[in-house]
There are 2 protein chains.
Amino acid sequence: MVIFENMLSKKTKYGLKALAYLAKQGSNHPVQISVISESENISRKFLESILLTLRKNGFLGSKKGKTGGYYLLKDPKDIKLAPIMRILEGPIAMVPCVSLNFYEKCDDCPDETTCSVHNLMLEVRDSTLQIFNNKSLADILKD
Amino acid sequence: MVIFENMLSKKTKYGLKALAYLAKQGSNHPVQISVISESENISRKFLESILLTLRKNGFLGSKKGKTGGYYLLKDPKDIKLAPIMRILEGPIAMVPCVSLNFYEKCDDCPDETTCSVHNLMLEVRDSTLQIFNNKSLADILKD
DNA sequence: CTTTATTCCTATCGGATTAATAGGAATTAA
DNA sequence: TTAATTCCTATTAATCCGATAGGAATAAAG
């Protein structure tokens with residue numbers, strides 16, 4: 001039996017690790033996918049698709065061809081985690097009806113204001129969001 | 001494209017709603033599955049399996065046969081949410097390496113203490129857990 | 001003692017998602 | 001011209017979710 005079904009996806013985990021790796025470099029010199037993938041033990045091809053996503057969403061720049069690679073576009077302290085999480089993992093809320101950016105009404109629930117689950121998950125979303133909104137890439141680096 | 005992949009499962013959502021329904025009754029008189037499923041707009045068969053799980057894990061009592069049903073075993077204010085979440089949803093942590101009850105080492109990560117993701121998810125787990133540990137079934141009821 | 005209504009249990013299923021893999025096109029430096 | 005890289009699209013195996021099916025066991029009511 002696999003226990004962790006609804007965990008953080010590997011996509012997000014690897015994406016964060018790659019961003020942290022780049023942030024540690026301290027320069028905006030392009031780093032090749034294979035360098036990151038070997039250093040962080042990530043499948044090269046999988047990481048490739050992740051970095052592509054991050055680039056398309058404005059978190060990374062890239063240089064093509066020989067001596068190409070990826071680099072951060074901003075100072076790590078100016079890169080907040082919340083938008084990264086939304087791109088890689090999707091909504092931060094555990095339930096669509098409490099999502100700020102991806103709101104959807106529940107099919108089964110006639111009234112959100114009296115729904116126990118709704119109000120509980122609202123609190124959870126707030127506390128999680130506070131972390132992701134206030135923390136930057138620079139804040140999570142360790143040496 | 002379906003956005004909410006890693007949301008709260010319907011199992012958990014329905015389970016919480018059912019528990020809240022029973023808590024609102026205020027008595028320990030057995031309530032039939034079909035009564036709850038109709039009131040809360042939940043598939044009867046699906047709810048059946050959820051309530052069975054909750055019973056097997058000590059959160060509900062049941063009465064079999066005609067006039068049977070399910071009932072709470074404790075006062076709603078003495079039923080904390082954390083254990084319920086663990087039974088229905090699984091680990092509260094988003095990553096096995098920060099789970100208190102379901103710990104697992106990551107394959108890729110050589111050192112947890114220097115892992116950016118690890119330390120970030122530790123904070124998220126703490127803030128979520130604080131909510132689930134401190135809130136009881138009684139606390140999430142609305143009228 | 002028969003009927004009826006319920007919980008209990010196991011098995012199965014379609015669809016969706018995840019984590020990856022494959023193969024090559026486009027681009028750039030040497 | 002060659003080599004090394006990013007870019008792009010498609011595919012896949014495994015797994016999980018949400019539900020459904022069918023009947024066994026149990027207990028109340030007549």
Side-chain angles (χ1 to χ4, degrees), chain A residues 1-18 22 29-38 40-57 59-71 88-91 94-96 106-108, chain B residues 1-18 22 29-38 40-57 59-71 88-91 94-96 106-108:
Chain A
M1 173 188 165
V2 177
I3 295 174
F4 273 81
E5 301 102 0
N6 62 320
M7 61 200 294
L8 192 76
S9 68
K10 298 214 168 184
K11 183 177 164 190
T12 304
K13 183 184 175 189
Y14 293 161
L16 287 173
K17 282 193 165 193
L22 291 173
H29 199 72
V31 179
Q32 295 163 16
I33 297 171
S34 57
V35 171
I36 305 176
S37 78
E38 279 163 33
E40 300 295 322
N41 300 305
I42 304 171
S43 148
R44 193 188 134 279
K45 274 298 203 179
F46 191 24
L47 182 59
E48 199 179 307
S49 69
I50 296 167
L51 296 183
L52 207 54
T53 303
L54 288 171
R55 195 218 63 187
K56 286 183 178 171
N57 285 278
F59 294 101
L60 289 177
S62 69
K63 185 182 174 224
K64 284 194 255 188
K66 206 168 182 177
T67 74
Y70 286 94
Y71 53 90
L88 294 176
E89 190 72 10
M94 294 181 79
V95 143
C106 297
D107 294 335
D108 54 301
Chain B
M1 174 188 166
V2 177
I3 295 175
F4 273 82
E5 300 101 1
N6 62 319
M7 61 201 292
L8 193 75
S9 68
K10 299 215 168 183
K11 182 176 164 191
T12 305
K13 183 183 174 190
Y14 294 161
L16 286 174
K17 283 193 165 193
L22 290 173
H29 199 71
V31 179
Q32 295 161 16
I33 297 171
S34 58
V35 171
I36 305 176
S37 79
E38 280 163 31
E40 301 294 321
N41 301 304
I42 305 171
S43 148
R44 193 188 136 278
K45 275 297 203 179
F46 191 23
L47 183 59
E48 198 178 309
S49 69
I50 296 167
L51 297 182
L52 206 54
T53 302
L54 288 170
R55 197 219 62 191
K56 286 183 176 171
N57 285 278
F59 295 100
L60 289 176
S62 68
K63 185 182 175 227
K64 285 195 255 187
K66 204 166 181 176
T67 74
Y70 285 94
Y71 53 91
L88 293 175
E89 191 72 9
M94 294 181 79
V95 143
C106 297
D107 293 335
D108 55 302

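Order of the sequence lines sets the chain letters (A, B, ...), proteins ahead of strands, with each chain counted from 1.
- Computed from coordinates, the L52(A) CG to dA10(D) P distance equals 14 Å when rounded to whole Å.
- Rounded to an integer number of Å, the gap from L51(B) CG to dT7(C) C1' is 10 Å.
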Legend entry - side-chain contact (heavy atoms from CB on, under 4.5 Å) between L88(A) and N57(A), worked out: CA-CA 10 Å; L88(A) 294 176; N57(A) 285 278; over 6 Å; no
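- Rounding to whole angstrom units, CG of residue L8(B) and P of dC17(D) are separated by 12 Å.
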Inset, instruction - Could you please spell out the steps behind the side-chain contact (heavy atoms from CB on, under 4.5 Å) verdict for L60(B) and L51(B)? - result: CA-CA 8 Å; L60(B) 289 176; L51(B) 297 182; 3.8 Å; yes
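- Among dC8(D), dT28(C), dT6(D), the nucleotide with an atom closest to any side-chain atom of R44(A) is dT6(D).
- Note on I33(B): only backbone sugar-phosphate atoms sit closer than 4.0 angstrom, heavy atoms only; bases stay farther off.
- Note that CD1 of I36(B) is 13.0 Å distant from CG of N41(B), once rounded to the nearest 0.5 Å.
- Neither OP1 nor OP2 of dA4(D) sits under 4.0 Å from any side-chain N or O of T67(A).
- Side-chain N/O atoms of S43(B) include one lying less than 4.0 angstrom from OP1 or OP2 on dT20(D).
- The residue among G68(A) and K56(A) whose nearest nucleotide of DNA chain D is located toward the 5' end is G68(A).
- Among dT6(D), dG22(D), dT6(C), the nucleotide with an atom closest to any side-chain atom of E48(B) is dG22(D).
- Closest to the side chain of K66(B), from the set dC8(C), dT6(D), dA28(D), is dA28(D).
- When rounded to the nearest whole Å, the span between NZ of K11(A) and C1' of dT17(C) equals 11 Å.
- Atom CE of M7(B) and atom C1' of dC17(D) are 11 Å apart (whole Å).
- The distance between atom CG of N41(A) and atom C1' of dA20(C), rounded to the nearest whole Å, is 16 Å.
- Rounded to whole Å, atom C1' of dT7(C) lies 12 Å from atom CG of L47(B).
- The shortest distance between the side-chain N/O atoms of Y14(A) and the OP1/OP2 oxygens of dA20(C) is below 4.0 Å.
- Each of F46(A) and G65(B) was assigned the nucleotide of DNA chain C with the nearest heavy atom; the assignment lying further toward the 5' end belongs to G65(B).
- K17(A) is linked by a side-chain hydrogen bond (donor to acceptor under 3.5 Å, both in side chains) to D108(B), counting only residues two or more places apart in sequence or in another chain.
- Counting only heavy atoms from C-beta on, K10(A) has its side chain closest to dA20(C) among dA20(C), dA29(D), dC9(C).
- Contact between the side-chain N/O atoms of S62(A) and the OP1/OP2 oxygens of dC7(D) is found at a separation under 4.0 Å.
- Along DNA chain C, the nucleotide nearest to K63(A) and the one nearest to Q32(B) differ in position, and the one closer to the 5' end is contacted by Q32(B).
- Of the candidates dT26(D), dC9(C), dT28(C), dT28(C) carries the atom nearest the K64(A) side chain, counting heavy atoms from C-beta on.
- Nucleotide dC7(D) holds its P atom 13 Å from the CG atom of N57(A), rounded to whole Å.
- Closest approach of E89(A) to S9(A), counting heavy atoms only: OE1-OG, 2.8 Å.
- Applying the ring pair (Phe, Tyr, Trp, His ring centres under 6.0 Å) criterion to Y70(A), with sequence neighbours excluded, gives no partner residue.
- Regarding contacts with the backbone of dG23(C), every side-chain N or O of K45(A) stays at 4.0 angstrom or more from both OP1 and OP2.
- A sub-4.0 Å separation between OP1 or OP2 of dC9(C) and a side-chain N or O of R55(B) is present.
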